[in-house]
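Only one structure is covered here, and it is reproduced in the block below.
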Amino acid sequence: MVKSKRDLKSPKRKRSLTGSHPITRTVLSNTQSRGNINVVVRVRPLHEKENTSNNRNVIKISNEHTVVFDPKEEDDPFFYHGVQQKNRDIMKRANKNLSFSFDYVFNEDSSNEMVFEGSTKSLIDTLMKGYNCSVFVYGATGAGKTHTMLGSQDDPGITFLTLMELFKQKEALQNEREFEIGMTYLEVYNETVQDLLNPGTPLSLREDAKYGVIVAGIKMHRIEDSNILFDLLAQGNRNRTQHPTDANTESSRSHAVFQVYLRMKVKASNEISTSKLSMIDLAGSERGAATGFSGARFTEGANINKSLLALGNCINSLADGRKHIPYRDSKLTRLLKDSLGGNCQTVMIANISPSALNYEDTYNTLKYAMRAKKIKASVKKNIVVSESNLNHYVQLVEQLKKENEELKFQIASNTKECNSKSSIAEPTVVDRFDPVPTNLNDLQLHTNLQKLYDDNKQLEQRISQLESAKQLAALRKELKQETQSRISGVCANSAEKNQCRSRLGKAVDRLDRQTKTMQDEITQLKERSNIIDNQIQEILDKNPLLKEKSDAENAKLLSAKLNNKVNHFQKVCDLQTGELRIRSGIIQCFSEVVQSCFLQLRGHGLATEALTAKYNGLMRNLQGIRKVSWDDDSETCISSTTSSLNNTFVIAEVTASGCNDNMETKVFTKSETPSKTQTEVLNVCAEDMMFRVNNPSTPDMRIPPLGINTQLQTLSKTVTVKRLLPNVYQLPSPKFAKSSKINQNQKENQKPHVRHHSAQRSDSKPSSARSKSTMTPTNKPLHKSRFK
Ligand SMILES: Nc1ncnc2c1ncn2[C@@H]1O[C@H](COP(=O)(O)OP(=O)(O)OP(=O)(O)O)[C@@H](O)[C@H]1O
């Protein structure tokens, strides 16, 4: 016997497979039920440790098909007054005494060869006829699964014996058929798939319409004779994940899947058949406590149990004849999709320990095996008559039928959902009926089209995310640059300025880099999306009837794009709201500081006129008084009707002393933007006018407003403001009325003002005096269209 599972070597092949350990009982002929999974139980001998401890045997084999779990113990008869007493020990727990029937039960003395003869030997006939076959060994840790599968040099396991049988039959049929045999050996460990013959990065599973479930990237090894096969088996076994547990010092912690692919061509008829034999050594099905580990081993155990539970659920669903089988719940079940139900002849070997120490695990294994027995398999031959690529046609038809069923089910549930929604809202375009073709070719095109649209949707989703992130980055960059431009005004010294500039510069660079990376990815994704669009077009060219489906999918795509846009604008709003909050905080703080500084300066008599004017302008801005509005057409408006003149404020057409000769009247139009200084002057003028309107009794009405002259000299021009926005300056009507009376008294002295040329202004009266004459506010609401 080999000392370690990893020491597996080519077993001695000189032994006659059928002669050395003949099975004494006929097993297969009358026990195998072709339609169902063939379930056999193998009871291992007690270990030395189990023998020495005061250990009870919980398994009794009644006959070759029946095993009794926790059999009733035969009590020593107890007599009282010569009468035998029943239930003598009332403290003792009643035995379960459960009887289970299987296709065959192998006892402690059965060799691997006997197990082979009684379980997997017949599979080779089936395989040679073009059917898929699979063998599972199931059981708790230490129950004898690996011993059954791999065995030892003296007692080779069923994998070795089954493949020997395959080569034997191959040789026998050599003259009639051409054979190609390939194999893969992989393990599923912690929900990842690894090639045991080429260990490396984990492999992924893909569903292929033609070949069913395939392991992407696994290497198939071609085998001509049995020598290389056993070397490969030993090599793979060395790479298998093993860790000692409390129950087994060489416990296999992964599910090992050994698959042999057979392709045969009948020379006479050119008939080609393909079949696959899968031999699966499952990891232990024990409870967590049996491994005695926590941490990594516990996680490992949890993953093993997860996949075995998923396998159990699939078995239950298959046994109950349900339509939906949850193959996708674990990697193991996905991988074994075509090895469980459907087109496959399956054998399950349930390994159990007879020791009471494994009471619960044994009980669970027997129950699991009983469930598996109920699975009904419908085995189909994988045969085609030509050498074309259709050698998996049968499998394809099966899969398409299944997909058809699933799609019909989806349509039914969608229609139901649609009906229930229609009472609340109009059905949207995405809820439209999506016809499913009944013809197999069309169904294939339909499925492909759906997949392409799904891929496209994912790409679009990612592109939208990137586009949105890119635009937000551009906005952030703009804000950073704005901050950069403010630096010179806010930093105290050049060191601080440089520090700020460098920080902001780095942020801008980072945003540039991010934008570039995003742009690159967008370009790639768009290229892929274009390829998919072309593929979609090709399908639509082949079958124009799918146009309706395509329209529905395009509508879904558009709806998803619009949703993404809405999300994007929400993000932009959030960003800008955040920025606004920051700015309001700055302005609040800033105005307090400025006010305090200005008041201090004024207190010390240091506030110049210019500074005061600036300060007043700033304060007005902070109060929300932002602009003066001018009429569009200066010429026509100024020289037009009296009512328009009544609404005209001429603020400062009269010069300050010393520069009245070259004055010209300036009328701003809406499209003109006055300079910063001009705006300030206008604001001050307007403010002054308002003050005079609101306080008509002010004695120095004739004195021009403070600073105006100086400013006008600087400007060297006369400024005419035709109109002020009343809602900006908020002229209160009662005060207007009051001021109106005063203006009435002075009306006699007024001349309608059209345009003041330098000659008319030679009296050098203060501007305000004349401007007052044109300030003829009216109680009538001002015509809206004139206020822009
Ligand atoms: N039928 C048998 N006859 C003799 N020895 C056996 C038999 N079954 C199992 N053993 C021995 O019991 C021990 C545990 O068996 P094995 O490693 O096959 O268990 P296992 O079910 O594969 O456990 P694990 O799931 O932890 O890998 C081994 O030393 C093996 O040689």
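This is a predicted model, so every value here is computed, not measured. Counting convention: from 1, in listed order, for ligands and their atoms alike. Position 1 is the first residue of the sequence, and the numbers go up from there. Computation of the quantities below employed the complete heavy-atom set of this structure, encompassing side-chain atoms and omitting hydrogens, waters and symmetry-equivalent molecules.
- Taking the six-membered ring where tryptophan is involved, the planes of Tyr368 and Tyr138 are essentially parallel, since the angle between them stays under 30° and well short of 60°.
- Cys314 contributes atom SG, which lies 11.5 Å from atom CZ of Arg328 (distance to the nearest 0.5 angstrom).
- For ligand 1, the polar-atom distance check against Leu282 finds no nitrogen or oxygen pair separated by under 3.5 Å.
- When only interatomic distances are considered, the shortest N/O to N/O separation between Arg44 and ligand 1 does not fall below 3.5 Å.
- One N or O on the side chain of Ser275 and one on the backbone of Leu127 form a donor-acceptor pair closer than 3.5 Å.
- Side chain to side chain, Arg42 and Ser110 fail the donor-acceptor criterion of an N or O pair below 3.5 Å.
- Looking at Asp125 and Gln169, their side chains do bring a donor and an acceptor atom within 3.5 Å of each other.
- Note: no N/O pair closer than 3.5 Å links Pro45 and ligand 1 by distance alone.
- Relative ring orientation between Phe69 and Tyr363 is described as parallel, the plane-to-plane angle staying below 30° on a 0-90° scale split at 30° and 60°.
- Heavy-atom separations between His47 and ligand 1 include at least one value shorter than 4.0 Å.
- Note on ring orientation: taking the six-membered ring where Trp is involved, the planes of Phe106 and Tyr104 are tilted (angle from 30° to 60°).
- Against a heavy-atom cut-off of under 4.0 Å, Gly284 is close to the following atoms of ligand 1: 25 (O).
- Considering backbone and side-chain N/O of Gly142, one or more are found under 3.5 Å from N/O of ligand 1.
- Applying the 4.0 Å criterion to heavy atoms of Arg42 picks out, from ligand 1, the atoms 1 (N).
- Between Glu108 and ligand 1, not a single N/O pair is under 3.5 Å apart.
- Close N/O approach between Thr146 and ligand 1 is found [any backbone or side-chain N/O within under 3.5 Å].
- Near Ala140, the atoms of ligand 1 lying under 4.0 angstrom from a non-hydrogen atom of the residue are 21 (O).
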